[in-house]
Amino acid sequence: MTREEDEKRLDYLRGIVGRLPDKPGSYQFYDADHTIIYVGKAKSLKARVSSYFHKEVDRFKTKVLVSKIYDISYTVVNTEEDALLLENSLIKKYNPRYNVLLKDGKTYPSICVTNEYLPRIFKTRNINKKWGTYYGPYSQVGAMLAVLDLIRKLYMPRPCKMPITKEGVEEGKYKVCLDYHIKRCLGPCMSKQTYEDYQKNIRQAREILKGNTRQIQREMRAEMEELAQQMRFEEAEIIKQKYLLLEGFVSHSEVVSHTIDNVDVFSITSDEKMAYINYIHVSNGSINQSFTIEYKKKLEESDEELLQLGIIELRQRFHSQSKEIILQQEINVDLEGVKFTVPKLGDKKTLLELSIMNGKQYKFDRLKQAEKLNPEQKQVRLMKELQEKLHLPTLPYQIECFDNSNISGSDAVAACVVYKKLKPSKKDYKKYNIKTVTGPDDYASMKEVVRRRYSRLLEEEQPLPDLIIADGGKGQMEVIREVIQDELNLEIPIAGLAKNDRHRTNELLYGFPPISIQLKTDSELFHVLTQLQDEVHRFAITFHREKRSKRALHSELDDIKGIGPKTRDLLLKELKSVTKIKNASEEELSKIIGVAKAKIIKEFFNH
């Protein structure tokens, strides 16, 4: 598109914007093919739509959207609530490219109560409203199965799939099946249970599915007392057992407060790409619905915008008529007859915290699911977390860690392990024999090894690490800093893993002077860092043991020039020890290894 064509396009759009009314409504943007690419809502159509065409718009994604707009249409409504409803409806209908994408993750199961003459109650993932009424969906399958089990025990709705009609029952066309004989059904198909009684049970089951358990308990108690007054004690006992069964179910559900009734709770958890909105419905003091949806962001939408959309979507989905909505933040929206509450304490605050916890858990579960499909995603996430915690200039792709090992200064060695993408890169591990330090001086040994390591990398023009981690506290960090910054003039970030009095790693240190970085000891990142620490310990100690073993196996015979391992082993096999070899005559030695070598050995020990 030429500059002239683009100016013509913008002039046309500004003309539409100039004619927009200062009223609430929904607006739609179209591309060159007249396909809807964005749907929005506004208190004032004129003010909101004109904001897209201001020169000071600095959001890149918004600029991209504006560059794709070729036409604008709008619908005026009476209230902001109507604008929200219309926006939600149009987004679901057209699925515009630049609107947030609603992702349920998977199809959650619901409970269906059919429209049949003798309704059935069962779980399903297929929704067809012609066949019945659906309750749910249930994000926690265990909770759904518990409700179904309760209904089966209380009311025994028929489990068979037989298409039973009123005429068929009256004409006696049906016979009871095995479910009747094993007491899973009361036989309504043969009028062994009256139609009126069956329908009463279905009505009560519907109330339980709506969460109105206390209403059903009141009805049961009234019926039980009436039967008792009529001296029908056996029937009263049956009702009593059902009452106790329902009471047990209610006592195990999440009871918040008997004073809270018919309330919706919404919370949002978001990051750069996704937003997770959790919905909880409370009825008669109990939570009877909890569900989380996720939105994929397209235009850097704010939490408030997404929360408005989520409230409309979830209230429609669950047919909520609650007059109070509990939120974690104020939102600039009015819903007719609905009060918005941001609680500071009490039962409502507890409810809000529960909703926030559910949203965070859902986000965590989705993240884990994605990481199983793409394991590298986890490493990138943890590297980003470490970068943010330490304010590193680059992603810590390559991390190196050092450790010393010696016993009273003898056989002093050091090791360097290299992690790439938070995974061991064993081909890059390095072992060092300490050369310039005598005695048990860990700081001097660390200086020597760090100096040798990075001087060589500089000489060979090899890539330097993004982060060095000292296996120790402030002292180890300081000696590494002296070499890296003062001697070699390098700017490599240095962290330390400090231990507590029980010799357990309990904090991550960073900076000079070092400060403790807040990191939970049960977090994934902390586990990775302690694995790195354990790995450098293992590698250093293994190398130290190898060196000690070689020294322990060293013999004086190894120092004799002209006597190789085969000759040494032959002598030790025949004479058993170095002392016996030393005391043996030249003739005895000659018989074993020959005259020339026997002479060399005798001359060595005689000098």
Side-chain angles (χ1 to χ4, degrees), residues 108-164 166 169 179 184-189 193-224 238-239 241-250 252-255 261-264 279-291 314-322:
Y108 290 103
S110 296
I111 293 176
C112 176
V113 181
T114 63
N115 294 331
E116 296 169 279
Y117 174 68
L118 296 176
R120 294 179 296 127
I121 301 176
F122 56 88
K123 67 175 182 178
T124 181
R125 292 180 188 269
N126 301 314
I127 307 298
N128 187 337
K129 294 184 178 179
K130 291 190 298 183
W131 302 111
T133 306
Y134 293 84
Y135 300 87
Y138 290 85
S139 56
Q140 296 179 333
V141 177
M144 178 198 69
L145 294 177
V147 174
L148 271 178
D149 187 55
L150 174 72
I151 289 172
R152 285 169 183 156
K153 288 177 179 176
L154 287 174
Y155 305 117
M156 287 188 272
R158 66 183 183 96
C160 68
K161 297 180 181 180
M162 178 81 69
I164 298 174
K166 179 181 179 181
V169 174
D179 287 314
R184 289 185 60 198
C185 177
L186 297 175
C189 59
Q193 179 187 20
T194 66
Y195 176 77
E196 292 73 19
D197 185 54
Y198 190 88
Q199 290 297 334
K200 184 189 79 171
N201 286 352
I202 294 297
R203 180 187 62 78
Q204 291 189 349
R206 289 180 187 273
E207 292 302 313
I208 289 175
L209 291 171
K210 291 176 185 176
N212 298 329
T213 51
R214 298 198 180 279
Q215 174 63 32
I216 301 304
Q217 283 182 291
R218 285 192 289 268
E219 290 182 17
M220 283 184 173
R221 190 174 189 88
E223 186 179 1
M224 182 170 55
I238 293 173
I239 302 298
Q241 293 304 318
K242 290 184 177 182
Y243 179 88
L244 293 174
L245 192 65
L246 186 56
E247 179 68 27
F249 175 80
V250 172
H252 285 89
S253 66
E254 185 75 46
V255 178
D261 182 34
N262 199 22
V263 170
D264 287 337
Y279 165 71
I280 287 176
H281 180 72
V282 181
S283 178
N284 293 315
S286 297
I287 295 171
N288 61 24
Q289 184 66 59
S290 177
F291 195 73
L314 288 162
R315 280 172 66 90
Q316 282 186 344
R317 183 181 295 200
F318 294 105
H319 312 291
S320 173
Q321 301 295 323
S322 297

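Taking both residues in full, the closest heavy atoms of Ser320 and Asp264 are given as OG-OD2, 2.5 Å, listed atom of the first, atom of the second, then distance. Across all non-hydrogen atoms, the minimal contact from Phe122 to Thr114 is CE2-CG2, 3.4 Å. For Arg120 against Glu116, the heavy-atom pair with the smallest separation is NE-OE1, 2.9 Å. Residues Arg125 and Pro109 approach most closely at NH1-CD, 3.5 Å, considering heavy atoms. Minimum heavy-atom separation, Met224 to Ile239: CB-CG2, 4.0 Å.
Note: Arg315 CZ to His281 NE2 = 9.5 Å, rounded to the nearest 0.5 Å. Note that the CE atom of Met220 and the CD atom of Glu223 stand 8.0 Å from one another [nearest 0.5 Å]. To the nearest 0.5 angstrom, Ile127 atom CD1 is 4.0 Å from Ser110 atom OG. Between the CG atom of Leu244 and the CD atom of Gln217 there is a distance of 9.5 Å, given to the nearest 0.5 Å.
By the 4.5 Å heavy-atom criterion applied to side chains, Pro159 and Arg184 are counted as neighbours. Residues Ser322 and Asn262 form a side-chain contact, since some pair of their non-hydrogen atoms from C-beta on lies under 4.5 Å apart. No side-chain heavy atom of Gln204 sits less than 4.5 Å from a side-chain heavy atom of Lys242. The shortest distance between side-chain heavy atoms of Pro119 and Gln199 falls below 4.5 Å. Within the 4.5 Å cutoff, no side-chain heavy atoms of Asn126 are placed close to those of Trp131. The side-chain heavy atoms of Leu186 and Tyr198, taken from C-beta on, include no pair separated by under 4.5 Å. The shortest distance between side-chain heavy atoms of Ile111 and Met144 falls below 4.5 Å. Considering only heavy atoms from C-beta on, Leu118 stays 4.5 Å or farther from Ile202 through its side chain.
Between Lys200 and Glu219 no salt bridge is recorded (no basic side-chain N to carboxylate O distance below 4.0 Å).
The environment of CZ in Arg221 is sparse: at most 12 heavy-atom neighbours from other residues, nucleotides or ligands sit within 6.0 Å.
Between Phe291 and Phe318, the ring planes are perpendicular. Angles over 60° get that label, and only those under 30° would be called parallel.
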Taking only distance into account, with no hydrogens and no angle test, what donor-acceptor pairs under 3.5 Å do side-chain atoms of residues 145-154 form with protein atoms, sequence neighbours excluded?
residue: Asp149; atom: OD2; partner: Lys153; partner atom: NZ; Å: 3.2

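Residues passing the side chain to side chain contact (heavy atoms under 4.5 Å, CB included) test with Arg218, sequence neighbours excluded: Arg214, Gln215.
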Inset, instruction - Could you walk me through whether Tyr155 and Ile121 pass side-chain contact (heavy atoms from CB on, under 4.5 Å), step by step? - result: CA-CA 11 Å; Tyr155 305 117; Ile121 301 176; over 6 Å; no
Inset, instruction - Determine, stepwise, if the pair Tyr279 / Arg317 fulfils side-chain contact (heavy atoms from CB on, under 4.5 Å). - result: CA-CA 11 Å; Tyr279 165 71; Arg317 183 181 295 200; over 6 Å; no
Inset, instruction - Run the numbers on Met156 and Gln193 for side-chain contact (heavy atoms from CB on, under 4.5 Å), then give the verdict. - result: CA-CA 11 Å; Met156 287 188 272; Gln193 179 187 20; over 6 Å; no
